[in-house]
Amino acid sequence: MRILVVEDDKALGLFLQKALKTEGHDVHWVGDGETAVEYAAEHQPDLMVLDLSLPRLDGTGVLEKKHLFPNTSVLVLTGRSQTEERVRCLDLGADDCLLKPFSFQELSARCRALLRRRKQFESPVLKFGEVEMNRMQRNVQHAGVDLELTTKEFALLEALLLRQGACCSRSDLLKEVWQMDPESDTNVVDVYVNYLRKKLATALPKAKEQNTPSVIETVRGQGYRLRNQLKAEAKGSLERAQEA
């Protein structure tokens, strides 16, 4: 899982980051609520481990902004023993609550349970703009046209679709798609992005293909993300209408 730990106690936050990494997860730690919301909205992690007592924006404030990261499961950490507080968190969108102090073994088990629950109810269909993937049937369409992808091309597109337009770094793609060291000196990601761009473009009519930006956008110095062409075309039409 891609996990975001939100904990203002630096020692505890770094401990959780290190311990969860040893279990094979990709873990990022932040120490305040506003940074947590910004990171979650941009990266759409699978799970957020969220302390309630945070600077800048407390945990309940983070939960109130969960519409910015709707597919992220949230495990709340709290020293507040009142039932009303835990009920409020669950009503705001948290998936589970864990009282402090806690054992790491229990936290780890709850993370695994949330992952199982996530997979159980996860839709097999991923869609963004005109790109649609059915992970059960292993088929992909762009603008209603079927595409034939290799195993790695399929996995690369899946990783980008899961981000729903958020940027995905080359390091993350190396880990998720190729199971390689994120620091590896290789251009395999760039090569396969180019392959995938060409196949996605073949679904468009020739005239439109020449005038339409690639579905996969390069974010300089960061990585790649999907471009919602339907939204971009609608915005362009609106701007042209306003100029007229």
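All of these numbers come straight from a predicted model, not from anything done at the bench.
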Is the shortest side-chain heavy-atom distance between Lys66 and Leu92 below 4.5 Å? no

Student check: side-chain heavy atoms of Arg163 and Arg2 closer than 4.5 Å: yes

Within the distance-only criterion (no hydrogens, no angle test), does the side chain of Gln164 pair as donor or acceptor with the backbone N or O of Lys127 below 3.5 angstrom? yes

Residues that Phe104 engages under side-chain contact (heavy atoms from CB on, under 4.5 Å), provided they are two or more places apart: Phe15, Leu16, Ala19, Leu20, Glu23, Leu107, Ser108

Can you name the ring-ring contact (aromatic ring centres under 6.0 Å, His included) partners of Trp29, sequence neighbours left out? none

Who pairs with Thr35 by side chain to side chain donor-acceptor pair (under 3.5 Å), at least two apart in sequence or on another chain? Asp32, Arg56

So which pairs with a foot in residues 70-80 pass salt bridge (charged side-chain N to carboxylate O under 4.0 Å, His left out), sequence neighbours left out? Arg80-Glu85

Hey, can you pull the donor-acceptor pairs under 3.5 Å for the side chains in residues 144-151, sequence neighbours left out?
from, atom 1, to, atom 2, distance (Å)
Asp146, OD1, Gln141, NE2, 3.0
Thr150, OG1, Glu153, N, 3.2
Thr150, OG1, Glu153, OE1, 3.4

Between Lys198 and Thr202, is any pair of side-chain heavy atoms under 4.5 Å apart? no

Is any side-chain heavy atom of Leu174 closer than 4.5 Å to one of Thr186? yes

Angle between ring planes, Trp178 versus Tyr192, binned at 30° and 60°: parallel, tilted or perpendicular? perpendicular

Asp190 side chain near Tyr224 side chain, heavy-atom distance below 4.5 Å: yes

Decide yes or no for Asp58 and Leu52: does some side-chain heavy atom of the first lie under 4.5 Å from some side-chain heavy atom of the second? no

Where is the tightest heavy-atom contact between Leu47 and Cys111, given as atom of each residue plus distance? CD2-SG, 3.5 Å

Are side-chain heavy atoms of Phe154 and Met133 found at a separation under 4.5 Å? yes

Enumerate the salt bridge (charged side-chain N to carboxylate O under 4.0 Å, His left out) contacts for residues 6-19, please, sequence neighbours excluded, ordered by first and then second residue. Glu7-Lys100

